[in-house]
Amino acid sequence: MSDVNQRTARPPLHHFSVPLSATRRGARLARLLAAGELHDWGLPLDPARLVVAELAANAVLHGRVPGRSFRLTLSVLAPRTLRVEVVDTRGDRWPTRVRGASEGRAESGYGLLLVEEFADRWGVRAGPVPCKTVWAELDLGPRR
């Protein structure tokens with residue numbers, strides 16, 4: 001999967017980025033910090049909070065290198081698109097998609113089904129070296 005939705009023409013309307021420990025506590029903090037930022041920006045918490053939680057949990061479970069952190073970035077791009085990015089230090093391990101129960105009893109991969117369900121777009125891109133970035137975009141719709 002490549003990142004075909006790169007937007008470099010305009011700066012984001014809102015931007016937040018933070019490194020977090022690649023631990024369960026770091027994943028929980030990612031969700032809490034994202035909820036705080038979304039609230040401050042006047043944006044709905046859900047389903048973005050769920051997407052952040054799943055991507056952060058994946059970074060901790062599958063992208064962890066001992067002693068290295070992961071990075072959470074939230075950006076609001078015009079016109080009203082929330083972009084969530086999680087960068088982990090395992091650029092050699094990309095997420096795999098699980099397609100329904102007929103493919104066996106996989107013990108992981110179901111978080112990405114939730115991301116796929118709630119995000120309008122998502123994908124993975126290599127870098128920054130030696131890392132990978134898993135991203136998701138949620139269209140926020142018109143302002144009420």
Side-chain angles (χ1 to χ4, degrees), residues 1-100 103 105-141 143-144:
M1 293 175 264
S2 66
D3 187 354
V4 297
N5 294 306
Q6 290 255 21
R7 298 166 201 244
T8 56
R10 294 189 214 176
L13 302 173
H14 298 286
H15 184 80
F16 172 78
S17 187
V18 63
L20 297 161
S21 65
T23 62
R24 290 174 56 184
R25 184 173 184 259
R28 180 177 178 270
L29 188 55
R31 182 179 48 82
L32 294 171
L33 290 171
E37 288 299 315
L38 294 169
H39 179 266
D40 290 350
W41 296 343
L43 299 176
L45 298 181
D46 293 317
R49 183 170 40 183
L50 175 64
V51 170
V52 168
E54 292 300 334
L55 294 183
N58 280 351
V60 169
L61 292 172
H62 307 293
R64 182 175 186 271
V65 171
R68 302 286 305 270
S69 60
F70 72 94
R71 177 169 291 278
L72 168 68
T73 301
L74 304 174
S75 301
V76 177
L77 311 169
R80 300 203 24 93
T81 297
L82 174 66
R83 184 174 177 95
V84 177
E85 293 183 345
V86 174
V87 178
D88 70 50
T89 53
R90 289 297 305 263
D92 59 326
R93 292 185 66 187
W94 284 39
T96 57
R97 295 178 189 227
V98 174
R99 297 273 185 210
E103 292 191 20
R105 295 180 181 254
E107 293 183 17
S108 63
Y110 292 101
L112 290 177
L113 286 176
L114 292 173
V115 171
E116 194 166 281
E117 179 67 25
F118 290 114
D120 293 290
R121 294 163 296 286
W122 77 276
V124 184
R125 75 171 187 269
V129 172
C131 304
K132 72 173 172 297
T133 301
V134 183
W135 59 270
E137 290 185 343
L138 291 87
D139 295 332
L140 302 173
R143 208 174 254 277
R144 292 183 185 147

Spacing of [X] atom [atom1] and [Y] atom [atom2] [to the nearest 0.5 Å]:
| X | Y | atom1 | atom2 | result |
| --- | --- | --- | --- | --- |
| Glu116 | Trp122 | CD | CH2 | 6.5 Å |
| Glu85 | Ser75 | CD | OG | 6.5 Å |
| Arg93 | His62 | CZ | NE2 | 7.0 Å |
| Glu137 | Asp120 | CD | CG | 8.5 Å |

List, one per line, each side-chain donor-acceptor pair under 3.5 Å for residues 48-56, sequence neighbours excluded.
| unit_1 | atom_1 | unit_2 | atom_2 | d |
| --- | --- | --- | --- | --- |
| Arg49 | NE | Asp46 | OD1 | 3.2 |
| Arg49 | NH2 | Asp46 | OD1 | 3.4 |
| Arg49 | NH2 | Asp46 | OD2 | 2.8 |

Under the criterion side-chain contact (heavy atoms from CB on, under 4.5 Å), I'd like the reasoning laid out for Val134 against Trp94: C-alpha separation, chi angles, the key distance, then a yes or no.
CA-CA 9 Å; Val134 183; Trp94 284 39; over 6 Å; no
Please tell me if the side chains of Leu112 and Asn58 come closer than 4.5 Å, counting only heavy atoms from C-beta onward.
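Yes, their side chains come closer than 4.5 Å.
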Does a side-chain heavy-atom distance below 4.5 Å link Thr133 with Pro128?
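With C-beta onward as the side chain, the pair touches.
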Looking at Val86 and Ala59, what are the two nearest heavy atoms and their distance?
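In this case the closest contact between Val86 and Ala59 is CG1-CB, 3.6 Å.
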Least distance between heavy atoms, Phe70 atom then Ala22 atom:
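Where Phe70 meets Ala22 most closely, the heavy atoms are CD2-CA, 3.9 Å.
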I need the single residue from Leu13, Asp139, Leu138, Leu43 that forms a side chain to side chain contact (heavy atoms under 4.5 Å, CB included) with Arg80. Which is it?
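The passing option is Leu43.
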Qualifying residue, where the test is side chain to side chain contact (heavy atoms under 4.5 Å, CB included) with His14 and the options are Leu77, Val76, Leu82
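Between His14 and the candidates, side chain to side chain contact (heavy atoms under 4.5 Å, CB included) is satisfied uniquely by Val76.
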Given Thr73 and Val87, is the side-chain contact (heavy atoms from CB on, under 4.5 Å) satisfied, shown in steps?
CA-CA 8 Å; Thr73 301; Val87 178; 5.8 Å; no
With the threshold set at 4.0 Å, does a side-chain nitrogen-carboxylate oxygen contact exist between Lys132 and Asp88?
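Judged by the 4.0 Å cut-off on N to carboxylate O distance, Lys132 and Asp88 do form a salt bridge.
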When you look at Leu20 and Leu72, which way does the side-chain contact (heavy atoms from CB on, under 4.5 Å) test go after all the steps?
CA-CA 7 Å; Leu20 297 161; Leu72 168 68; 4.2 Å; yes
Can you give me every donor-acceptor pair (side chain of residues 32-40, partner residue at least two apart or in another chain, under 3.5 Å) with its distance?
none

Test: side chain to side chain donor-acceptor pair (under 3.5 Å). Region: residues 22-32. Which pairs qualify, not counting sequence neighbours?
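Residue pairs with at least one partner in residues 22-32: Ser21-Thr23.
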Looking at Arg90, I want to see if its CZ is surrounded by more than 12 non-hydrogen atoms of other residues, nucleotides or ligands under 6.0 Å.
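More than 12 heavy atoms, drawn from other residues, nucleotides or ligands, come within 6.0 Å of this atom.
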